[in-house]
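Just below is one structure, and these are the notes that go with it.
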Number of protein chains: 2
Amino acid sequence: MKRHVLIYGLIGGVLIVVLKWTEYRFLVFEHSIEIYGGLIAGTFAVLGIWLGLKLTGTRERIVVKEVPVPAGEPFVPDESMREGLGITPREMEILGLIATGLSNREIADRLFVSENTVKTHSSRLFDKLGAKRRTQAVQIGKTARLIP
Amino acid sequence: MKRHVLIYGLIGGVLIVVLKWTEYRFLVFEHSIEIYGGLIAGTFAVLGIWLGLKLTGTRERIVVKEVPVPAGEPFVPDESMREGLGITPREMEILGLIATGLSNREIADRLFVSENTVKTHSSRLFDKLGAKRRTQAVQIGKTARLIP
DNA sequence: TGCAAAATCACCCAAAAGGGTGACGACAAC
DNA sequence: GTTGTCGTCACCCTTTTGGGTGATTTTGCA
């Protein structure tokens, strides 16, 4: 996003030069004020549109939607299943955080450990679950009742 | 969407008249070319930004509010939610396959399309869901009742 | 029947994820 | 005390993902 502002400033600088040139070229010597005005109007309109488009990259409208959710048991992780697979508590923790859609970096920050640590944990976790990807690990963990 | 362009043109026409007026009012009699140019530049930049803002469709960001409901139903994907987010059927299909833990390559093979196609589908899907990762997309899709 | 949306694919680049290996301290069990 | 598990971290290398851009074809609907 900072790049855009920079580019905008640069283009602005170039424009000043161009406009200064056109000023003496068309205005002073031929006095064609209409061309000058049109030029400025056109370029700035285009520039404005572009800026506006760039600026609205993150414009979102919040829509609150009520969603029915199955009420009932608050879910308890299957401890015996966890033990059976030889998954350590820490690995379970990582699995839960993976399931919420966090990246390794974010998990590392949340648990105050290094990203490498998270990676070894998840690596061993995937191995124990027989998963090749984190999405698969989540899927398996879900069917195994390790996570809700 | 076309209305905006029309309005833009109309305003442009009005502006030309106004500018013509200011030209004789301020420019010819006082020769303040800088003010004239600045005026045009400013107005058109603002106009352009406004147009750009109008042109970009507002993106909807779902905020799910969970409401407890008697559990038991075999799950039906929330069509209104899908439409509301502007997610296409094909993208839904990809979301479902992602949720099962498949890689892009595997999804591509299953749907008989190229991996690139799957990537663009998932890319747009993540954009619409406001997800940065596939695991997050799955999580969001789940809470939005798009997938079981 | 013509336009807009959807679906398809390619290419490049950067970031994230995953695999493999090795290492070190803490702690419990034996 | 030795052994084993657990949690921690590093480094390297490959694969996977994701972002961005651009283009073409299909198709559904006005």
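Lettering of chains follows the sequences in order, A, B, ..., and the numbering in each one begins at 1. No hydrogens, no waters, no symmetry mates; every other heavy atom, side chains included, goes into these values.
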Does any part of the side chain of B:K142, heavy atoms only, come nearer than 4.5 Å to the side chain of A:K142, both counted from C-beta? yes
Quick test: give all pairs of protein nitrogen or oxygen and nucleotides 9-12 of chain C nitrogen or oxygen below 3.5 Å, distance rounded to 0.1 Å.
from   : atom 1 : to     : atom 2 : distance (Å)
C:dC9  : OP2    : B:S114 : N      : 2.8
C:dC9  : OP2    : B:T117 : OG1    : 2.9
C:dC9  : O5'    : B:T117 : OG1    : 3.4
C:dA10 : OP2    : B:N116 : ND2    : 3.4

Would you mind reading off the bend of the helix from C:dT1-D:dA30 to C:dC30-D:dG1 from its two end axes, five pairs each, to 10 degrees? 50°
For the OG atom of B:S122 and the CZ atom of B:R133, what is their distance to the nearest 0.5 Å? 14.0 Å
Check whether any side-chain N or O of B:S123 sits under 4.0 Å from OP1 or OP2 of D:dG18, and answer yes or no. no
One thing to verify: whether A:D78 and A:R82 come together as a salt bridge, which I'm taking to mean a side-chain N less than 4.0 angstrom from a carboxylate O. no
Share the residues that join A:L97 in a hydrophobic cluster, the rule being Ile, Leu, Val, Met, Phe, Trp or Tyr side chains under 4.5 Å apart at the heavy-atom level. A:M81, A:L85, A:I87, A:M92, A:I94, A:L95, A:I98, A:L102, A:I107, A:L111, A:V113, A:V118, A:L125, A:F126, A:L129, A:V138, A:I140, A:L146, A:I147
dist B:K128:NZ -> B:S123:OG (nearest 0.5 Å) comes out at 11.0 Å
Interface with DNA chain D, restricted to residues 82-93 of chain A and to heavy atoms under 4.0 Å: A:T88, A:P89, A:R90
Distance only, no hydrogens: is a donor on one side chain within 3.5 Å (strictly under) of an acceptor on the other, for A:S114 and A:N116? no
Does the distance from a Lys or Arg side-chain N to an Asp or Glu carboxylate O, for B:K132 and A:E106, drop under 4.0 Å? no
Return the minimal non-hydrogen interatomic distance between A:D109 and A:R105, and the atom names on each side. OD1-NH2, 2.8 Å
Establish, with yes or no, whether the OP1 or OP2 oxygen of C:dT8 is under 4.0 angstrom from a side-chain nitrogen or oxygen of B:H121. yes
From OG (A:S80) to CZ (A:R145), nearest 0.5 Å: 11.0 Å
Rounding to 0.5 Å, atoms CZ (A:R90) and OG1 (A:T120) come to a distance of 10.5 Å
OG1 of A:T117 to NE2 of A:H121: how many Å apart, nearest 0.5 Å? 6.0 Å
In residues 128-143 of chain A, which ones come under 4.0 Å of DNA chain D, going by heavy atoms? A:R133
I need the CZ-C1' distance between B:F126 and C:dA15, as an integer number of Å. 14 Å
Between atom CG in B:L125 and atom P in C:dT8, what is the gap in whole Å? 14 Å
Among residues 98-109 of chain B, which residues get a heavy atom nearer than 4.0 Å to DNA chain D? B:S103, B:N104
